[in-house]
Amino acid sequence: MDPKYHPRLIEPKWQKCWNDHGLFDADHGKARERHYVLEMFPYPSGNLHMGHVRAYVIGDVLARYYRMQGFDVLHPMGWDSLGLPAENAAIRDGIHPKQRTEQNIKSVRRQMKSLGLSLDWSREIATCDPSYYRWNQWFFIKMYERGLVYRRTSLANWCTGCLTVLANEQVVDGICERCNKPVVQRQIPDWAFRITRYADELLDDLGKLNLWPERIVSMQRNWIGRSEGVELRFPIKDNGSDHIEIFTTRADTVYGATYVVLAPEHAMVAKLTRSEQKSRVEAFVAEMSKIERARRTDAGAKKEGVWTGSYAINPFTGEEIPIWIANFVLADYGTGAVMSVPAHDQRDYEFAKQYGLPIRIVIQPQPSGEVEKHLACSDLSQAFTEDGVLYQSEKHTGLSSAQARIQIAKQAERQGIGGITIRYHLRDWGISRQRYWGTPIPMVHCEVCGIVPVPIESLPVLLPEQAPITGTGEAPLAKVPEFVNTDCPKCGKKARRETDTMDTFVDSSWYFARYLDPGEEDLPFKRESADRWLPVKIYVGGPEHAVMHLLYFRFWTKVMRDMGLVSVDEPVERLLTQGMVVGESFWCESHGYRSRDGVDDPESSEPKCTECGRTLRVRLEKMSKSKLNGVAPESMCEQYGADTARLFSLFAAPPEKDVEWNDRAVAGCYNFLRRIWVFFLRHHQRVEGYRDFAGPLDESGLSLELIALHRSLHRTIAKVTADIEKEFQFNTAIAALMELLNGCKVLDDEVDGFAEGVDPDRKQKTEQLLFMVLKNMVLLLSPFAPHVADELWKNLGMSGFAGEQPWPKFDPQATQEDTIQMAVQVNGKVRATIDVQREASEDEIRAQVEKNEKVQKWLEGKSIRRVIVVPGRLVNIVVG
RNA sequence: GCCGGGAUGGUGGAACUGGUAGACACAAGGGACUUAAAAUCCCUCGGCACUGAGUGCUGCGCGGGUUCGAAUCCCGCUCCCGGCACCA
């Protein structure tokens, strides 16, 4: 055994060895119970960062642990390799996306392997491979047949930076989440998935996800944004047949609706505009279309609008009320039209004040003295938006808001002018992208037949090798005549192919199922494989995918279920969203982000820029290249080894929390592995004769310290098992292993004593204990630090791999102490501790407590009122 | 504003169904070894007070409550983080 711990020597060796033995291939024993462990697959961007490392190591520990627990584990990896970054890079430096992607995959795969991840590489997939994306096309056509895909011309989010259409989910505060440029509204024809058809189920089934983090569930609920309300038709004055449809959640305020407002984009605007208002309305509409969504929808923006010149009739009061258009009404929510109740809606209130529209109070706070206060105040300073009691609302007056909403909805239904409706914030998923590096949409536009899907048997529609990638916003595929020009599959006449490609979220919506049968040619995957492996038992990834990816992922699963491909309702049983890896960033006013090398004394409280001497702003930020605060996993592996990198990313914090990268603490983890190494170095030869010893250990004749160590061993097994299994508390599991090692010092001392000659029976038992400690320590360590574990396993003279061994079991008997330390409290404060026999009765404990001098001191001159004995824990004496 | 999550030493973090707060690690201080440094090993380490092995008080964001006993349960606040938001 090498006297020094050299991770760089042992790690590549074992990685190769595992690979040669196909140790991590799934489906070894078909009879065993199965466990599908999945981490979100990466976009192959050339280099892994620490965030990836953390996610993959977490998943890897679980995969290795479950294997040792006897499960048949599927732990695959692949590449989310279509998408904008490769295309943008191609525009920048002229390398074809395919070439770049292949290089990157190679490099990232190598980095993953050097982390010792226990992946089944025989199932590797890449979404840019036609054998993958043909199934995107297959799904697209199947979904088209089911009415889940449709062509629409709609207001789309047009990114002024990427020059392409974005999904709602990709727009954050009116800004493109990718390039940070403004997003504007444009009428663009595109393809969309009807995810809204599943809105209810996506919402309801959140209730089944009880092993998902609450905040993710809550974010999804928020995003789906179900609201129950009433749709009402407001007839238009002097036009008997026409009406405006509005949506409201506050039908109880309908008697206070004193005007109607439409979104500027509303289809009826032109029809409703009277000639005398025409110029003003048109100018306003034109102006609005120019304003980017960010400013339009900013809550702080000034309310603006114009009157159309027309009137509607409030169907409940019969009053004529003016029809306006305004910036604060959105075309794509509800019906794009609202009834305005200025007394009870803050936006309507502000608008009414500004344009002198009537305000009528129809809700009173509560039937108390406060009513008068409100009513007396004819000019409200703001809207009263809470529920209350109806006022001046004809026969509904006096009802509570809740009651009134039901009554008014019923009345509307009876009169045939509306009824209860449910609206969602969730919109259909627009998937058309005017980009090259994506899945071609398998549709043909024929002048005779219209839109015709490509027949399933002619899939895949291959992405042409070359296309002019200019980034100008027009679909690159439209400029490739060989691609565009085709024959209509229906009539055979000349036709044109669709030239948009699919959003890459399509790829990641079902990849988890492709791993089941990556080579399958007739279907995306086999039903029997799906039944064998799904749902995914544990899915690990970053919380940044809480909304988009996970929602689409769930949607797709439900669609696949309805297509008869899978039998599960939800793709993932348990979700683990790991925290970010953050690092200290240094920012200089004049030189921007500075690397540590560009900082004078990074440890001080006021670090200075080496260029200009300015005091730098210090922050903890997600590690990134641009912020120069990252640590590359590769250099980490070179310096300390993969095992240390793995250990640190698990030990620094519980998995859901952010971890701050700390070089010193990393060294601490390295030190732990080194100390284990030294411990084995010292003892491994001594246990040569005990390789078959499987316990139980006879403790008689052993010193109390050694018995304590034996107990500690069993407790550690119990603790590590529970920590992994129950809560994924890898940090405390590793702490327990450190504690065990710390406790092993007694073995060193004991063994030192052997030189002077010792009772052979005692020596044998000690060596048996030593062996059990060494063996189990390796096995417990192996999911976390697999390379060093296998090296130590070999040095112990054991055969096979540590990771193939059954997970250690503990003996509950052996975890029990004969004497237990109990705390003695007097009036709830700890005053003494006593040692009692484990089986001691309450009376015996009381007797012992009474004898205790320290306790007596506190009882002096007081009378005992009550004594509480919590077996095995403490005694509390209540005195007065 | 709405929805979620959180607050424990100098730091990252432990603490089973309410039961000895601060495991484990980092940093810091002291010591051993060494010509010296590094490395390694050992000791101390929430705060305050007292001459001491020690003892007492105090301490889990703040204020109340329940309880023999609260970091943990309940009520009321403060602050921080994440998400959503002119969504009618």
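Residue numbers begin at 1 in each chain, while the letters A, B, ... track the order of the sequences.
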_Quick check: any donor-acceptor pair below 3.5 Å linking the side-chain of A:Asn876 to the base of B:rC68?_
yes

_Using heavy-atom distances to pick each residue's nearest nucleotide on RNA chain B, tell me which of A:Gln821 and A:Glu660 is more 5'._
A:Glu660

*Between B:rG19, B:rA88, B:rC3, which one does the side chain of A:Leu874 approach most closely?*
B:rG19

*Respond yes when some side-chain nitrogen or oxygen of A:Arg866 is under 4.0 Å from OP1 or OP2 of B:rC68, and no when none is.*
yes

*Selected nucleotide, minimal atom distance to A:Met738 side chain, candidates B:rC24, B:rC68, B:rC86*: B:rC24

*Choose from B:rC68, B:rA25, B:rC57 the nucleotide whose nearest atom is closest to any side-chain atom of A:Val878.*
B:rC68

*Is the phosphate of B:rA27, meaning OP1 or OP2, less than 4.0 Å from a side-chain N or O of A:Asn662?*
no

*Side-chain H-bond candidate by donor/acceptor type, A:Asp200 with A:Tyr424, under 3.5 Å*: yes

*Under the side chain to side chain contact (heavy atoms under 4.5 Å, CB included) rule, collect the residues that match up with A:Gln729, sequence neighbours excluded.*
A:Asp723, A:Glu727, A:Asn731, A:Thr732

*asked:* Below the 4.0 Å mark, does B:rC86 have OP1 or OP2 next to a side-chain nitrogen or oxygen of A:Lys303?
replied: no

*So which nucleotide from B:rG56, B:rA21, B:rC42 ends up closest to the side chain of A:Lys745?*
B:rC42

*Under 4.0 Å: is that the gap between some side-chain N or O of A:Trp223 and OP1 or OP2 of B:rC87?*
no

*From the list B:rG13, B:rC86, B:rA25, which nucleotide is the closest neighbour of the side chain of A:Lys657?*
B:rG13

_Gap between atoms CZ and P, on A:Phe651 and B:rA23 respectively (whole Å)_ = 12 Å

*Just label B:rG52 as syn or anti from its O4'-C1'-N9-C4 or O4'-C1'-N1-C2 angle, using within 90° of 0 for syn.*
anti

*Can you name the closest pair of heavy atoms from A:Leu203 and A:Arg226 and give their distance?*
CD2-CD, 3.4 Å

*Name the nucleic acid region contacted by A:Thr249, choosing base, sugar-phosphate or nothing; use a 4.0 angstrom heavy-atom cut-off, strictly under.*
sugar-phosphate

*asked:* Parallel, tilted or perpendicular: which one describes the rings of A:Tyr355 and A:Phe351, with boundaries at 30° and 60°?
replied: tilted

*According to a strict under-4.0 Å criterion, is A:Arg215 in side-chain N/O contact with OP1 or OP2 of B:rG82?*
no

_Nucleotide of B:rC87, B:rA25, B:rA23 approaching A:Thr732 most closely (side-chain heavy atoms)_ = B:rA23

*Given B:rC3, B:rU40, B:rC86, which nucleotide is nearest the side-chain atoms of A:Arg674?*
B:rU40

*Nucleotide of B:rU40, B:rG56, B:rC87 approaching A:Arg831 most closely (side-chain heavy atoms)*: B:rG56

*asked:* I want to confirm an ordering. Mapping A:Tyr333 and A:Ile734 to their closest nucleotides on RNA chain B, which one lands closer to the 5' end?
replied: A:Ile734

*Taking only the side-chain heavy atoms of A:Val329 (C-beta and beyond), determine which of B:rA88, B:rG13, B:rC68 contains the nearest atom.*
B:rA88

_Options B:rG4, B:rA14, B:rA88, nucleotide nearest the side-chain atoms of A:Pro654_ = B:rA14

*Whole-Å C1' distance, B:rA23 and B:rA71*: 15 Å

*Report yes if at least one side-chain N or O of A:His425 is closer than 4.0 Å to OP1 or OP2 of B:rA85; otherwise report no.*
yes

*Among side-chain atoms of A:Tyr333 and A:Ser227, is any donor-acceptor pair under 3.5 angstrom?*
yes

*Indicate, with a heavy-atom threshold strictly under 4.0 Å, whether A:Arg226 touches base, sugar-phosphate, or nothing.*
nothing

_With a 6.0 Å cut-off (strictly less than), is the heavy-atom count around CZ of A:Arg682, excluding the residue itself, greater than 12?_
yes

*asked:* Whether A:Arg347 contacts B:rC87 is assessed here as follows: a side-chain N or O lying under 4.0 Å from the phosphate OP1 or OP2. Is that the case?
replied: yes

*asked:* Side-chain N or O of A:Lys829 versus OP1/OP2 of B:rU58: is the shortest distance under 4.0 Å?
replied: yes

